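Quantities reported herein were computed from a predicted structural model and do not represent experimental measurements. Each chain gets a letter, A, B and so on, in the order its sequence line appears, and its residues count up from 1.
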Amino acid sequence: MDNTSILSTRFYGGQKRVALRNCGIIDPENIDEYIAVDGYQALAKVLTQMTPQQVVDEITKSGLRGRGGGGFPTGRKWQFAMGGEPGTQKYVVCNADEGDPGAFMDRSVLEGDPHSVIEAMAIAGYAIGASEGYIYVRAEYPVAVKRLELAIKSAREYGFLGKNIFGSGFNFDIQLRLGAGAFVCGEETALLTSIEGKRGEPRPRPPYPAVKGLFGCPTIINNVETLACVAQIINKGADWFASMGTEKSKGTKVFALGGKITNTGLIEVPMGTTLREVIYDIGGGIPGGKQFKAAQTGGPSGGCIPKEHLDAPIDYENLSAIGCIMGSGGMIVMDEDNCMVDIAKFFLGFTVDESCGKCTPCRVGTKRMLEMLDKITSGNGEMEDLKRLEELANYVKSCSLCGLGQTAPNPVLSTLRFFRDEYIAHIVEKRCPAGVCKDLLRFTIDRDKCIGCGMCSKVCPSNAIYVTDYTAPGRRKPSYAIDPEKCIKCGACRDTCKFGAIEKK
Amino acid sequence: MEKSAATEMVNIKINGREYAVPSGITILEAARIAGIEIPTLCYLKDINEIGACRICLVEVKGSRSMCAACVYPVSEGMEVFTNTPRVRAARKMNLELLLSIHKKNCLSCIRNTSCELQTLCNEYGVDDEYFSGENREYQLDESTPFIVRDNNKCILCRRCTAACSNLQEIGVIGAEDRGFDTHIGSPFEMKLAETSCVGCGQCVVACPVGALYEKDDTQRVLDAIDDPNKYVVISAAPSVRATIGECFGYPPGTDVEGKMVAAMKRLGFDGVYNLNFAADLTIMEEGTELLHRLENGGKLPLITSCSPGWIKYCEHYFPEFVDNLSTCKSPQQMFGAVIKTYFAEKNGIAPEDIFVVSCIPCTAKKFEIGRDGQSAAGVPDVDAAITTRELARMIKSAGINFRELPDEEFDEPFGIGSGAGAIFGATGGVMEAALRTVAEILLGEKLEKLDFYDVRGTDGIKRATYKIGDRTIRVAAASGTANAKRLLRAIESGEESYEFVEIMCCPGGCVNGGGQPTQPASVRNKLDLPALRASVLYKADSEMDLRRSHENSAVKRVYDEYFGEPGSHRAHEVLHTFYVKRGIY
């Protein structure tokens, strides 16, 4: 089998797989295969040739930033947790509670290369002086849980976890903790609170976890994808990692490409790749000859990148400048048939469901925002609602206790910024330009195109189509018409009509 | 955090003015030093510091998002702005959102004019319809005789759950569901009466709004007063006179005994009596009980039984200590029992025709009156227990101008109370009162010094050892169920041993009871309320001639005419009770 042919396709050719390098290549349930691709070499190097400060310096030099969405410099986070009295209890925590809908970057690493996470956590433990680690993985990933359990077991058997690793005197071990279906537990302080056995709600910061985290001890929490890069940085050097990417955003990023795009799936590209390259080169463009409208990045915390920013290099700073975030890497491509108000409503519905309920802005504010969007998409919106929506969105953004609430308004604010005309159409004209919002749709029969076959009337589930008195010139049978009061906007009539006589607008 | 000998100071600016404040304090505390009160709703010092309500948000230079003043620590060079347009707009919007989920029946709400949400809304000129939308309707939880929970008014500040879990370390209420559906409740939506709630009411005094309040028994009392066939008497517990003034605008720590008595008399009661009298009676019985156990190898330590919240806590959580409890009824119950036996017989009134009311700082007492073993004359010893707050409401709605009243005296024959009885309301007070009597009996002579300072003060657990004659008596006094738990565990493990233990359910004792006047967080966070209120009692005690329970002539008379002597058979029948091992579930 000639592997190079796969790698030279547009889909793989444009990628640079660093975090995903082993996924699909090695057997994740076989530790020997991980070792065969230089697994645990980095840990050996760290424990036998480097001091903790040297490890932290290398990570800092590499420019690695948190891949979970925050983009905080990893080296700096580890640095904060160093120091203190020797023997102070500290923890390394891996955030494997990947919660963004449609995101499966971390899942692929956990299922395809679990040892990379374990090795990285041990390296982190050595760097900051922690002997215990926790992986908090969502219970909705049973395969990942199973593979992590197997991996931890083999790592212990091989002496990569446990006491006196590589004879260095360094002890480190890892426990698994399963999430219980709360998106908010992906927020670092809520995650720690959950591990502590309490209701998963975030805590105010400061103090930051690196100073006072799990059980009140200095703790570093890193995302799966971030950790997946650590071993390679140690093996190949900080400069190698920093040679990829842009000035402030080094390395690569995994994106979960979805929506109206030919090639969906996980892609890993160097930071700085433009959206155009991702969508049209790697992604294979928009199917069906449709027009690109926007790319939603960062899941429910993110914003939309419109056409005019297609050539923006994707990195933390550039996205932030246009009111978007990279988030954990979700990227949903939208075309002219997507309604931006509906998209905002979809994501806001998610955050309303997942809000923990601790702080007033998120608990009540997001709910009220969703109610306003419901009003707008159902044809009951007024311009006053738009004003209140924007006010509330800014308030929730700046006043919420944690990242969930602080970023929940982003889809709304971003679509208001770039697609305000769609909101106004919904409100003033009671019209959905993309033809998505059901309550604003009207299905009409062009009475001159209609030949009177009656097939539409037969398939209509709500008996909304009736025969009229009008017979178009040249036709033998009278035309049909749709009663808007009875129409439930299912579109079955339009799908059935062979003569293109039914319009949706 | 290590404290250096001299507190490190940092220089900050608040609204453009410079201040030097101790390092590490919160912006809220720093602002108070600067004379600025940043509004709060969820913040209760040492109990609930979670930064959840977001009303205290302020702008900090250099920070993109606003910071919660109640938890954010100051640092060198910080510049804080507490009153910018952005801050004011955020506060207003926060309040408007809260109002959109809040049942707004202010005019008939129990907290009208004392509600912390109402006060803030008034200060910020909010529009209460701006964010109206969907609202959940919750059923009231009126299952217990002592507390009502109304989730329709709850603003989810979590002060109640913090009082239950953090302060009392019991935890029968918590947040249920999540997001918009979050509400306070007990596991599996159990009603409060199905849980092991002890009725202490710390949640009630923690609540800033009308979501938690005492079961109101004032109408029953008024009905009894209006009933020509009923002989209605009321007694006031030791600490009510130290706190009821707060309901009439007096600062905490004002003794208003005279006006309180005058007000009660004007409400139409047939007898207005001093519960301190019954406190003295309790000391006679309990002191005798202690001496009896000491002499005859009875179960030690003897643990006090006048706090019904503590009794219920013991029955649920430490049933193995039920046999240590004194069999004495509480002063409230002893008083009712005396009225319905001795007083009824002496005055030829049938016990069924007497309606005994006690005014107490306690919500758990509403449970106590319904217990088995609390009906010496075949009818309940006490018919209604009303909190300090309820009495204040009765006085106000009767149009009685409290502040203008002259000082009046309790009625005889139950108007006399000693200083020992007065200090029952403070933690360590029962212990001290008992020691005065027990010591003098053991020594056979009067004590020179009557002040047992070691058991005074608001520390959670106080310990002392007294050499009385040839006996060594080790004592401990704990207040708050969290401290009770710690003390009992130490006794259980053998780490600590005592002859006599006083336990009060509420931290600081009855002065901090669940039935006391509610004070807003801004006052609670600033003043040491238990200490202030207790100081009234200790001052009254120090100024009295009669400071020993066993010298109370009214008490002596009751023994002479009815019970014979403390611990007699009749005393046991009327003045003692029993307990139930309940378990937690």
Side-chain angles (χ1 to χ4, degrees), chain A residues 180-185 189-190 193 198-207 211-212 320 349-372 374-375 384 387-389 391-408, chain B residues 1 24 26 41-42 49-59 63-75 86-87 89-102 127 130-136 155-158 161 165 174-184:
Chain A
F183 173 70
V184 72
C185 284
T189 59
T193 308
K198 303 184 201 133
R199 192 177 145 95
E201 288 175 333
R203 305 195 280 238
R205 297 174 297 178
V211 170
K212 202 170 164 196
S320 169
F350 178 78
T351 37
V352 166
D353 255 351
E354 297 291 337
S355 167
C356 76
K358 183 170 176 180
C359 75
T360 311
C362 180
R363 182 181 76 247
V364 191
T366 57
K367 173 83 174 174
R368 295 291 177 241
M369 281 173 66
L370 184 63
E371 286 169 350
M372 287 175 205
D374 272 334
K375 268 184 88 182
E384 172 71 19
K387 170 172 168 267
R388 261 191 299 185
L389 179 64
E391 253 185 337
L392 194 47
N394 282 312
Y395 164 78
V396 172
K397 190 178 167 80
S398 62
C399 295
S400 293
L401 173 60
C402 82
L404 189 155
Q406 287 160 6
T407 59
Chain B
M1 194 167 63
T26 61
L41 273 174
C42 73
E49 300 181 1
I50 59 175
C53 70
R54 316 307 283 171
I55 200 90
C56 68
L57 291 176
V58 290
E59 288 200 72
S63 174
R64 184 176 32 104
S65 51
M66 293 202 276
C67 305
C70 67
V71 289
Y72 205 94
V74 298
S75 54
R86 189 175 170 212
V87 167
R91 286 180 193 159
K92 189 157 176 269
M93 205 165 294
N94 191 322
L95 292 167
E96 285 165 351
L97 285 174
L98 282 175
L99 285 176
S100 80
I101 54 160
H102 182 80
D127 173 356
Y130 198 59
F131 284 116
S132 58
E134 182 192 315
N135 214 346
R136 280 186 67 174
I155 60 169
L156 288 164
C157 66
R158 314 289 183 92
T161 60
S165 300
E176 305 290 307
D177 286 338
R178 72 169 181 220
F180 193 73
D181 294 335
T182 311
H183 58 277
I184 304 299

What part of A:Glu201 gets within 4.5 angstrom of chain B, counting heavy atoms only: side chain, backbone, both, or neither? side chain

Please flag which part of B:Thr182 lies under 4.5 Å from any non-hydrogen atom of chain A: side chain, backbone, both or neither. side chain

Apply salt bridge (charged side-chain N to carboxylate O under 4.0 Å, His left out) to B:Asp127 and list each qualifying residue two or more places apart in sequence or on a separate chain. none

Quick check: do B:Met93 and A:Leu392 have side-chain heavy atoms less than 4.5 Å from each other? yes

By a 4.5 Å heavy-atom criterion (distance strictly below it), what part of B:Ala90 contacts chain A: side chain, backbone, both, or neither? both

B:Thr161 to B:Gly174 - nearest heavy-atom pair and separation: CG2-CA, 3.5 Å

Assert top hit (heavy-atom pairs under 4.5 Å, partner chain B, pool A:Arg199, A:Glu354, A:Met372, A:Arg203) equals A:Arg199

For B:Asp177, which atoms come within 4.5 Å of any heavy atom of chain A: side chain, backbone, both, or neither? backbone

Any heavy-atom pair between the side chains of B:Phe180 and A:Thr366 that's under 4.5 Å? no

Heavy-atom distances under 4.5 Å only: say whether B:Ala89 touches chain A with side chain, backbone, both or neither. neither

Checking side-chain contact (heavy atoms from CB on, under 4.5 Å) for the pair B:Tyr130/B:Lys92: CA distance, chi angles, key distance, verdict? CA-CA 11 Å; B:Tyr130 198 59; B:Lys92 189 157 176 269; over 6 Å; no

Part of B:Glu176 within contact of chain A (heavy atom distance under 4.5 Å): backbone

Segment of A:Asn394 engaging chain B (4.5 angstrom heavy-atom cut-off): neither

Any side-chain heavy-atom pair of B:Tyr72 and B:Thr26 under 4.5 Å: no

By the salt bridge (Lys or Arg N to Asp or Glu O under 4.0 Å) test, which pairs, at least two apart or in different chains, include something from residues 358-372 of chain A? A:Lys367-B:Glu134, A:Arg368-A:Glu371

Measure from the side-chain N and O atoms of B:Asn94 to the backbone N and O of B:Cys53, and report whether any donor-acceptor pair falls under 3.5 Å. yes

B:Ile50 portion near chain A, given a 4.5 angstrom heavy-atom threshold: both

For B:Leu41, is it the side chain, the backbone, both, or neither that has a heavy atom closer than 4.5 Å to a heavy atom of chain A? neither

Closest non-hydrogen contact found for A:Ser398 with B:Ser65 is O-CB, 3.8 Å

Pick from A:Cys359, A:Cys356, A:Pro207 with the largest number of heavy-atom pairs that fall under 4.5 Å of chain B: A:Cys356

Quick one: what part of B:Arg86 sits under 4.5 Å from any heavy atom of chain A, side chain, backbone, both or neither? side chain

Sort A:Ser400 into side chain, backbone, both or neither according to what part of it lies under 4.5 angstrom from a heavy atom of chain B. backbone

